[in-house]
Amino acid sequence: MSNSKVIQGGTVVTSGSISAADIRIENGVITAIGSNLDTAGAETIDAAGLYVFPGGIDPHTHLDMPFGGTVTADDFESGTIAAAFGGTTTLIDFCLTERGKPLANAVKTWHEKAKGKAVIDYGFHLMVAEAGEEVLAELPQMIEQEGITSLKVFMAYKNVFQADDGTLFRTLQLAREEGALVMVHAENGDVIDFLIREALDNGQTEPIYHALTRPPQLEGEATGRAAELAGLADAPLYVVHVTCAEAVERIAAARARGLRVYGETCPQYLTLDVSALEKPGFEGAKYVWSPPLREAWHQKVLWDALSSGTLQAIGSDQCSFNFEGQKELGLGDFSKIPNGGPTIEDRFSIIYSEGVAKGRIDLHQFVELVSTASAKLFGLYPRKGTIAIGSDADLVLFDPLVNRKISVRDHHLRVDYSAFEGMPVHGEPVSVLVRGDFVIRDREFVGKPGSGQYLKRERFGQGVRGLAPKTSTSSAGGPRG
Ligand code: URP
Ligand code: ZN
Ligand code: ZN
């Protein structure tokens with residue numbers, strides 16, 4: 001039986017257009033966009049007064065992830081339900097691998113984590129810890145068979161996830177040959193490790209020392225090093241969670257040279273600052289991310305970089321640990337605080353509110369940053385990331401007039417705090433559809449765990465024009481440069 005819907009009377013916004021239009025959906029796919037569409041045989045949905053955006057794509061999540069001797073508070077069920085409430089219909093989670101073990105084992109584990117739980121569509125990035133012969137032989141199969149077309153290399157977290165420069169370079173070379181995109185966590189892990197030990201030896205144990213032992217120079221240095229290696233390998237590079245002017249400068253310089261270097265930042269770096277780590281009573285632990293929150297002036301640099309196209313995407317870096325019992329593992333030793341925070345549900349609304357409502361970016365840039373750019377970079381476009389005939393009907397009906405405050409009392413994560421507690425936001429997703437089915441309807445969850453589908457993704461750049469960087473002489477199109 002045909003499953004037909006017509007969304008009527010909304011303002012349909014993509015990264016390149018805005019119009020008052022109806023959208024017809026048949027069996028999960030958009031089949032018509034226009035005025036007064038035929039509603040025969042279809043359920044009609046009133047979107048008057050609402051924006052209709054493409055579903056958000058979160059390119060950076062850690063669900064059900066072990067870290068620092070514990071496991072994130074949120075898994076693929078609570079994490080994707082919260083994501084859907086927040087306007088996200090697709091996410092790409094990081095699949096961690098173990099040195100010396102087949103990559104296929106890690107991918108199988110991640111499939112098992114998501115199966116029967118996810119309520120939105122999802123893909124995986126694959127971590128490369130050591131580019132030995134076996135890993136290099138297996139990677140092409142993961143790319144071809146699993147559609148995992150993005151590989152993650154950590155330049156920090158010494159003795160845990162950190163890879164050496166040889167591994168980064170070999171992974172970049174392979175990515176160029178195979179059409180994959182290498183992502184880096186860019187911080188100089190060796191120097192950070194030294195600074196952490198020095199601080200602890202001096203009795204500096206409070207959460208603020210997490211930030212002080214990871215200064216922005218070390219993010220800038222690693223970002224520049226990764227960009228240089230990507231240039232040498234002639235491979236594209238995506239820098240995750242950019243926090244500071246030092247890193248933005250390196251990305252801008254690489255792009256000005258024509259290198260295919262892309263950058264992502266996250267809502268926390270755009271709205272919170274390092275002073276949060278000094279909150280009394282160990283509360284600062286709630287704000288421990290790596291890289292750390294920076295001095296407030298970096299926020300303007302990040303907004304400007306988003307607006308100018310130096311940075312292309314916004315990820316949440318969702319990685320939640322309860323304050324009680326998990327963040328508290330670092331009482332008396334900041335280096336034992338599990339890194340990360342709950343952000344998946346608020347990414348879309350914070351960027352709308354702090355970005356569009358405050359005039360820092362326009363509506364089209366908003367769509368590009370929270371959805372379209374990630375679809376293009378990560379091999380999902382135009383199936384995802386836009387509103388077009390033939391695209392999946394992943395849609396967010398968004399009320400821009402709602403005023404509310406973010407609170408742990410209202411979120412749908414399991415974690416016991418909100419990093420954005422009390423932050424005022426304009427706008428809220430009202431209803432969210434994934435492939436034409438409501439997951440959120442009138443602010444109620446109506447989805448089904450397990451309904452989210454795994455996405456095998458296309459290789460980097462496949463069928464997508466405009467992935468060249470924006471240089472001073474070129475103004476090539478999206479994902480914005
Ligand atoms: O602090 C963070 N960002 N935790 C998650 C792991 C990572 O580095 O992305
Ligand atoms: Zn990271
Ligand atoms: Zn992360």
Side-chain angles (χ1 to χ4, degrees), residues 58-75 79 83 88 91-97 110 122-129 150-163 168 182-189 192-193 196 207 209-211 213-214 216 218-219 222-223 226 237-244 247 263-270 272 274 276-277 284-294 313-323 326-327 329-330 334-344 347 374 378 413 415 417 419:
D58 190 338
H60 187 159
T61 68
H62 304 276
L63 299 174
D64 199 356
M65 186 186 85
F67 188 100
T70 188
V71 179
T72 55
D74 289 283
D75 64 7
T88 292
L91 60 77
I92 314 179
D93 200 77
F94 286 95
C95 169
L96 297 186
T97 57
W110 244 256
Y122 59 94
F124 303 140
H125 311 290
L126 188 61
M127 169 189 166
V128 180
S150 41
L151 309 173
K152 171 76 175 290
V153 176
F154 286 92
M155 300 171 79
Y157 301 123
K158 196 169 168 67
N159 301 323
V160 188
F161 302 141
Q162 188 174 327
L168 173 55
V182 176
M183 313 167 80
V184 281
H185 172 131
E187 286 186 294
N188 185 323
I192 288 168
D193 184 58
I196 289 173
Y209 290 101
H210 171 79
T213 54
R214 309 181 87 100
L218 297 183
E219 185 183 336
T223 303
L237 178 78
Y238 179 94
V239 185
V240 301
H241 50 41
V242 172
T243 72
C244 60
E264 159 205 281
T265 189
C266 315
Q268 54 273 31
Y269 300 118
L270 293 162
L272 306 177
V274 65
L277 280 89
K286 292 179 180 174
Y287 305 93
V288 164
W289 278 278
S290 292
L293 299 178
R294 304 297 186 189
I314 311 244
S316 68
D317 197 5
Q318 161 74 25
C319 189
S320 57
F321 297 100
N322 289 316
F323 180 67
Q326 293 195 295
K327 289 283 185 179
L329 291 169
F334 70 87
S335 73
K336 295 201 166 61
I337 301 169
N339 293 193
T343 44
I344 203 165
R347 180 188 73 112
S374 291
F378 295 108
L413 291 164
V415 69
Y417 73 97

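Just so you know, ligand 1 is whichever comes first in the structure, and atom 1 is the first atom listed for that ligand.
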* To do: Tell me, with the steps shown, if Thr265 and Leu270 meet side chain to side chain contact (heavy atoms under 4.5 Å, CB included).
  => CA-CA 8 Å; Thr265 189; Leu270 293 162; 4.1 Å; yes
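- Not a single donor-acceptor pair under 3.5 Å links the side chain of Ser316 to the backbone N or O of Thr343.
- For His210, there are no ring pair (Phe, Tyr, Trp, His ring centres under 6.0 Å) partners, not counting sequence neighbours.
- In this structure, the side chain of Tyr287 does not engage the main chain of Pro207 through any donor-acceptor pair within 3.5 Å.
- Applying the ring pair (Phe, Tyr, Trp, His ring centres under 6.0 Å) rule to Phe161 yields the partners Phe67, Phe154, Tyr157; only residues at least two apart in sequence or on another chain are considered.
- Residues Ile196 and Lys158 are not in side-chain contact: their nearest non-hydrogen atoms beyond the backbone lie 4.5 Å or more apart.
- Protein heavy atom nearest atom 3 (N) of ligand 1, with residue, atom name and distance: Asp317 OD2, 2.6 Å.
- The aromatic rings of His60 and Phe94 sit perpendicular, their planes meeting at an angle over 60°, well past the 30° parallel limit.
- If you check each of Pro338, Ser290, Gly68 against atom 2 (C) of ligand 1, the one with the closest non-hydrogen atom is Ser290.
- Residues that satisfy the ring pair (Phe, Tyr, Trp, His ring centres under 6.0 Å) test with Phe378, not counting sequence neighbours, are His125, Tyr238.
- Of all atoms in ligand 1, listed by their number and element, those nearer than 4.0 Å to a heavy atom of Trp289 are 1 (O).
- Of the N and O atoms on the side chains of Trp289 and Asp317, not one donor lies less than 3.5 Å from an acceptor on the other residue.
- Among protein heavy atoms, atom 4 (N) of ligand 1 sits closest to Asn339 O, 3.3 Å.
- Distances shorter than 4.0 angstrom do not occur between any heavy atom of Met65 and any atom of ligand 1.
- The proximity of Phe94 to ligand 1, defined as any non-hydrogen pair under 4.0 Å, does not occur for either the backbone or the side chain.
- Of the angles at the Zn ion (ligand 3), the one spanning NE2 of His62 and NE2 of His60 is 110° when given to 10°.
- The atoms of ligand 1 that sit less than 4.0 Å from any heavy atom of His62 are 5 (C), 6 (C), 7 (C), 9 (O).
- Heavy-atom proximity to His185, at under 4.0 Å, picks out these atoms of ligand 1: 8 (O).
- Counting only heavy atoms of the protein, atom 7 (C) of ligand 1 lies nearest to Tyr157 OH, 3.4 Å.
- Aromatic ring pairs are classed by plane angle as parallel below 30°, tilted from 30° to 60° and perpendicular above 60°; the pair Tyr122 and Phe124 is tilted.
- Within the protein, the N, O or S atoms lying under 2.8 Å from the Zn ion (ligand 2) are His185 ND1, His241 NE2.
- Checking side-chain atoms of Ser320 against main-chain N and O of Pro342 turns up no donor-acceptor pair under 3.5 Å.
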